[in-house]
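A short worksheet on the structure shown next.
Below, chains carry the letters A, B, ... as their sequence lines are ordered, and counting in each starts from 1. Since we're looking at a predicted model, the values are computed, not measured. For the numbers below, each heavy atom of this structure counts, side chains included, while hydrogens, waters and symmetry mates do not.
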Protein chains: 2
Amino acid sequence: MGISKTILFTAEQNTLARLAKGLAHPARIAILEYLLDSNTCCNSNLVAELGLAQATVSQHLRELKDLGLIQGTISGNTMNYCIHPEGWREASDLLIHFLGRSPFPSTCSTTC
Amino acid sequence: MGISKTILFTAEQNTLARLAKGLAHPARIAILEYLLDSNTCCNSNLVAELGLAQATVSQHLRELKDLGLIQGTISGNTMNYCIHPEGWREASDLLIHFLGRSPFPSTCSTTC
DNA sequence: CTGTTATATCGCAATATTACGATGAATTTC
DNA sequence: GAAATTCATCGTAATATTGCGATATAACAG
């Protein structure tokens with residue numbers, strides 16, 4: 001199929017999955033790391049930084065922008081991308097809250 | 001294409017992306033939430049819990065098991081699944097460390 | 001031993017993702 | 001203005017993901 005049955009799940013579960021999907025590519029991880037690290041803010045010398053074609057980088061940037069994790073502003077000829085502070089905070093808070101849970105100290109051998 | 005150019009990225013970036021991909025489906029989020037919540041530990045009444053076919057649930061469980069996030073033990077006729085404590089800890093630590101970063105307080109308007 | 005139950009896997013169909021060349025729009029440079 | 005630069009988008013090809021029915025295997029129940 002390739003289509004997820006989102007109807008079956010809670011809004012929170014779908015949101016978490018959607019955010020995780022945004023991080024589910026090394027290029028997008030690399031972009032976010034680059035933007036998180038660079039105090040000089042952003043722009044698409046990302047094309048040089050990553051080894052991908054310009055069209056591909058643009059596509060990844062769009063995904064991150066659609067998720068609200070980054071934002072871009074036009075500066076004449078070029079685009080400046082940077083982390084979207086609120087979007088990033090919200091997303092990472094949600095994911096961290098999910099990931100921060102610890103399992104009960106029960107083993108699999110426990111009968112159900 | 002559909003294939004990621006993992007060669008271009010660091011091992012850490014690929015690992016983070018692989019873990020995120022594991023979480024990139026609401027059914028897998030739901031499975032993990034269920035296993036994290038249930039002190040009774042596991043097993044595949046997950047098929048009833050989620051609204052998906054048995055084959056589909058089994059497939060999602062396999063993905064989570066391959067990532068080391070859960071583990072399963074055979075108990076006679078049935079499988080008992082539960083969170084893999086070390087695997088879950090390692091994975092969540094890696095992701096939380098990445099997500100915990102804050103952007104520099106620079107705006108996109110900063111020239112690069 | 002036979003039938004039932006629980007689960008993994010195979011094979012397939014539908015859809016999504018990834019990657020890139022080509023093209024177009026906007027802007028700068030000369 | 002003409003050429004060059006920067007970037008988004010379109011179209012397309014290759015591969016991945018999702019979902020499920022069917023089937024195989026193993027264990028249990030009678």
Side-chain angles (χ1 to χ4, degrees), chain A residues 1-9 13-14 17-31 35 41-67 70-82 108 111-112, chain B residues 1-9 13-14 17-31 35 41-67 70-82 108 111-112:
Chain A
M1 290 270 168
I3 188 175
S4 300
K5 289 198 158 182
T6 54
I7 319 99
L8 297 173
F9 307 101
Q13 288 163 345
N14 284 315
R18 200 156 34 80
L19 292 174
K21 192 176 288 188
L23 306 179
H25 194 289
R28 292 194 292 274
I29 296 282
I31 290 172
L35 295 181
C41 199
C42 32
N43 98 345
S44 280
N45 43 16
L46 287 165
V47 178
E49 192 71 19
L50 319 170
L52 295 170
Q54 181 264 324
T56 308
V57 174
S58 201
Q59 201 170 339
H60 285 304
L61 287 166
R62 192 190 202 301
E63 278 182 72
L64 293 172
K65 198 174 59 180
D66 287 349
L67 271 176
I70 66 175
Q71 67 189 142
T73 59
I74 305 175
S75 166
N77 210 4
T78 68
M79 281 296 289
N80 281 349
Y81 282 102
C82 64
C108 259
T111 39
C112 308
Chain B
M1 292 273 169
I3 188 174
S4 301
K5 288 197 157 182
T6 54
I7 319 99
L8 297 173
F9 307 101
Q13 287 163 345
N14 283 316
R18 201 155 35 79
L19 292 174
K21 190 176 290 188
L23 306 179
H25 193 287
R28 292 194 292 273
I29 296 283
I31 290 172
L35 295 181
C41 199
C42 33
N43 99 345
S44 279
N45 44 16
L46 287 164
V47 177
E49 193 72 17
L50 318 169
L52 296 169
Q54 181 264 325
T56 308
V57 174
S58 201
Q59 200 170 342
H60 285 304
L61 287 167
R62 193 191 200 301
E63 278 183 73
L64 293 172
K65 197 175 59 179
D66 287 348
L67 271 175
I70 67 175
Q71 65 189 143
T73 59
I74 305 176
S75 167
N77 209 6
T78 68
M79 281 295 289
N80 281 348
Y81 282 102
C82 65
C108 257
T111 38
C112 309

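One atom, CG of A:Leu52, and another, P of C:dT17, lie 17 Å apart when rounded to the nearest Å. If you take CD of B:Gln59 and P of C:dA8, they are 12 Å apart, rounded to a whole angstrom. Rounded to an integer number of Å, the gap from CD of B:Glu63 to P of C:dA8 is 14 Å. Taking atom CZ on B:Arg18 and atom P on D:dA16, their separation rounds to 15 Å, with Å as the unit. The distance between atom NE2 of A:His60 and atom C1' of D:dT9, rounded to the nearest whole Å, is 15 Å. Between the P atom of C:dT7 and the CD1 atom of B:Ile31 lies a distance of 13 Å, rounded to the nearest Å. Atom CE in B:Met79 sits about 8 Å away from atom P in C:dT7, given to the nearest Å. As rounded to whole Å, 13 Å separates atom C1' of C:dT7 from atom CD1 of B:Ile70.
A:Thr78 is listed as a side-chain neighbour of A:Asn80, based on a closest heavy-atom distance under 4.5 Å.
In this structure, of C:dT18, D:dC7, C:dC20, it is D:dC7 that holds the atom nearest to the side chain of A:Thr78.
For A:Ile3 and A:Arg62, each mapped to the nucleotide of DNA chain D holding its nearest heavy atom, the one lying further toward the 5' end belongs to A:Arg62. Of the two residues contacting DNA chain C, namely B:Lys65 and A:Gly51, the nearest-nucleotide position lying further toward the 5' end is that of B:Lys65.
Considering all non-hydrogen atoms of both residues, A:Met79 and A:Ile74 come closest at SD-CG1, 3.6 Å. In terms of heavy atoms, A:Gly22 sits closest to A:Leu64 at O-CD2, 4.0 Å.
Comparing the helix axis at one end of the helix from C:dC1-D:dG30 to C:dC30-D:dG1 with that at the other, each defined from 5 consecutive pairs, gives an inter-axis angle of 20° (nearest 10°).
Take A:Ile29 and apply the side chain to side chain contact (heavy atoms under 4.5 Å, CB included) test, not counting sequence neighbours, and it matches A:Leu23, A:Glu33, B:Gln13, B:Leu16, B:Ala17, B:Phe98. Among residues two or more places apart in sequence or in another chain, the salt bridge (Lys or Arg N to Asp or Glu O under 4.0 Å) test is passed with B:Glu49 by none. A search for side chain to side chain donor-acceptor pair (under 3.5 Å) contacts involving A:Gln59 returns nothing, not counting sequence neighbours. The side chain to side chain contact (heavy atoms under 4.5 Å, CB included) test applied to B:Leu8 returns A:Leu52, B:Lys5, not counting sequence neighbours.
Counting non-hydrogen atoms under 4.0 angstrom, B:Ser58 reaches a base of the nucleic acid. When heavy atoms are screened at a 4.0 angstrom cut-off, B:Lys21 is found touching the sugar-phosphate backbone but no base atom. Contact annotation for A:Thr56: base contact, defined as any heavy-atom pair under 4.0 Å involving a base atom.
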Write down the protein N/O and nucleotide N/O pairs, taken from nucleotides 21-29 of chain D, whose separation is under 3.5 Å; answer none if there are no such pairs.
none

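Listed by first then second residue, pairs satisfying salt bridge (charged side-chain N to carboxylate O under 4.0 Å, His left out) with a partner in residues 52-62 of chain B read B:Arg62-B:Asp66, not counting sequence neighbours. For residues 20-29 of chain B, every residue pair satisfying the side-chain hydrogen bond (donor to acceptor under 3.5 Å, both in side chains) rule, not counting sequence neighbours, is listed here: A:Ser4-B:His25, B:Arg28-B:His60, B:Arg28-B:Glu63.
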